[in-house]
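Numbers here simply count residues along the sequence, with the first being 1. We count ligands from 1, going down the list as the structure has it; atoms in each ligand are counted the same way.
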Amino acid sequence: MILQADPGRSFKAMEQKIKAAVAKVLESGWYILGKENENFENDFAAYNQVQYCLGTANGTDAIELILRALDIGSNDLVATVGNTATATVSAIERTGAQVRFADIEPGKFTMSAISLEKLLMRQPEIKAVVVVHLFGAAADMDALHEVAQRHHVHLIEDCAQAHGAEYKGRKCGTFGIAGSFSFYPTKNLGAFGDGGAVITNDSVLYEKMAALRQYGWKKRYISEFNGINSRLDEIQAAILSVKLPYLDANNEKRRQIAACYKAGLQDIEEIILPVEPENTRHVYHQFVIRVPGEKRTELIEYMKENGIGCAIHYPVAIPLQPGYEKIPHICDLSETLKVNDEILSLPMYPELTGAEVETIISALRGFFK
Ligand SMILES: *Cc1c(COP(=O)(O)O)cnc(C)c1O
């Protein structure tokens, strides 16, 4: 069986180093906010060419911490997109703020600057926008940044699917006030448990987030703010330090797999292939094809019978989910609401072999023959 995601293979690929790093932490007697966390924060800041990185317990908390450090909470409005991981929306709502949706760009999966502008004109109270670099493709940061500046809203980047992705040669997560990351095991940089981080060049924001991450402490046991507990533990930090040096090579493997998929599937008319937006470096967190029409369910079943796992990210747009259907639709969301019925994620991880990629392509060709 070729799984759609297979984080166990990333463990096997570096088994000795991972076990040694974990053993070292266990032997050290220090498990929370120590050397490993600090090392990883420094290395990940350097990787992204920013001044500060703050480890967090997960990617959802990372978004919440940024918003809370910006004093966003009850009675505030925050814009984002409706086709993202639920985590983006749930993080915004946990601050007490309410979500407003902008639409995505036609033919892409990321926020439309035109739609964002319409939203900000209709709801000038909006304080911040969370842009999501979905599936590993950078959103149109020049246009989004320009709109955000003109309307005086904070720009935050959710980079949970975009470790190492670039826009005009610059890393995603460095265009707004701060960028959030998740190290969930299947992400491009994945821990073997939960983990997350924030990157920023803003020292004031960084200090505030550092306090909020641990009960609002600046000094131990003295809370300056009403904070939370969201720390990257030493074991996960040590694992991430082992894996970070391989991130670029692993992203390159994902890109090669994507190139093979594209070459092998380009002449199938029923499939729309993902595009690498101009001026970006796509890191293919997911390889998402579109299958318009009624065939998708049948295709998933066929692939499964052929030992190939596929997935849908995500089956229902957030604005249509029961937990979020009360959020008013301020602007037209037709692109957002359309893609979920067509998308299909093929297996995608650096450890996929060439033979497996060929098997997947053959199966798809067999189905559409
Ligand atoms: C995975 C993910 C998150 C949340 O990360 P967790 O570590 O699971 O909390 C947020 N946003 C997006 C787009 C994600 O893919």
Side-chain angles (χ1 to χ4, degrees), residues 4-5 7 10 40 44 53-68 78-95 99 101-102 104 108-111 128-139 141 144 155-165 172-173 176 178-199 209 213 228-233 235-237 239-240 243 251 254 282-288 311-319 321 323-324 336 339-340 343 345 348-349:
Q4 199 275 326
S10 109
F40 176 72
F44 199 57
C53 170
L54 189 80
T56 62
N58 56 65
T60 312
D61 286 356
I63 300 168
E64 181 186 346
L65 282 170
I66 298 169
L67 292 169
R68 289 187 53 166
V78 176
T80 191
V81 286
N83 81 326
T84 176
T86 310
T88 315
V89 174
S90 113
I92 294 168
E93 294 215 326
R94 229 170 43 179
T95 67
V99 172
F101 296 112
I104 56 172
K108 291 194 199 171
F109 299 108
T110 48
M111 187 184 283
V129 50
V130 181
V131 170
V132 183
H133 303 295
L134 202 71
F135 304 145
M141 292 318 291
L144 291 164
L155 176 65
I156 296 157
E157 296 171 77
D158 179 349
C159 310
Q161 304 192 2
H163 317 67
C172 287
S180 65
F181 290 84
S182 163
F183 306 120
Y184 185 81
T186 57
K187 309 281 173 161
N188 290 45
L189 179 60
F192 297 120
D194 274 312
V198 177
I199 60 170
M209 289 189 297
R213 165 178 76 171
I228 62 174
N229 168 10
S230 183
R231 302 170 296 217
L232 178 63
D233 74 69
I235 290 182
Q236 299 307 331
I239 290 167
L240 290 166
K243 294 180 85 178
N251 280 343
R254 288 174 183 268
H282 199 318
V283 294
Y284 291 99
H285 174 60
Q286 298 294 354
F287 189 89
V288 179
I312 299 172
H313 300 104
Y314 298 90
V316 180
I318 294 181
Q321 294 185 17
Y324 299 108
T336 301
V339 293
N340 296 71
I343 50 180
S345 307
M348 174 54 88
Y349 33 95

salt_bridge(Asp61, Arg94) N-O dist < 4.0 Å
yes

Does a side chain donor of either Asn251 or Asn188 reach within less than 3.5 Å of an acceptor in the other side chain?
yes

Under a 4.0 Å heavy-atom limit, does Thr84 contact ligand 1 with its side chain, its backbone, both, or neither?
side chain

Would you mind listing which atoms of ligand 1 come within a distance below 4.0 Å of any non-hydrogen atom of Thr88?
11 (N)

With atoms numbered from 1 as shown, which atoms in ligand 1 lie under 4.0 angstrom from a non-hydrogen atom of Asn58?
7 (O), 9 (O)

Backbone, side chain, both or neither: what part of Asp61 comes under 4.0 angstrom of ligand 1, heavy atoms only?
neither

If the cut-off is 4.0 Å to any non-hydrogen atom of Val132, which atoms of ligand 1 fall inside it?
13 (C)

Assign the ring pair His163 / Phe181 to parallel, tilted or perpendicular, where the plane angle (0 to 90°) is split at 30° and 60°.
tilted

Any idea which protein heavy atom is nearest atom 7 (O) of ligand 1, and the distance to it?
Ser182 OG, 2.7 Å

If we set the cut-off at 4.0 Å for heavy atoms, which region of Asp158 has an atom near ligand 1: side chain, backbone, both, or neither?
side chain

Note: Val283 and Ala162 closest approach over all heavy atoms is CG2-CA, 4.1 Å

Near Ala87, which atoms of ligand 1 are under 4.0 Å from a heavy atom of that residue?
3 (C), 4 (C), 10 (C)

Based purely on interatomic distance, does Tyr184 place a nitrogen or oxygen under 3.5 Å from a nitrogen or oxygen of ligand 1?
no

Can you check whether Gly176's main-chain N or O pairs, donor with acceptor, with Glu157's side chain at less than 3.5 Å?
yes

For ligand 1, which atoms sit closer than 4.0 Å to a heavy atom of Thr60?
4 (C), 5 (O), 6 (P), 9 (O)

Just going by heavy-atom distances, which of His133, Lys187, Gln286, His313 is nearest to atom 15 (O) of ligand 1?
Lys187

Inspect the surroundings of OH in Tyr349 and state if more than 12 heavy atoms from other residues, nucleotides or ligands are less than 6.0 Å away.
yes

Would you confirm whether the ring centroid of Phe44 sits within less than 6.0 angstrom of the ring centroid of Phe183?
yes

Lys187 and His285 have their tightest heavy-atom pair at CA-CE1, 3.6 Å

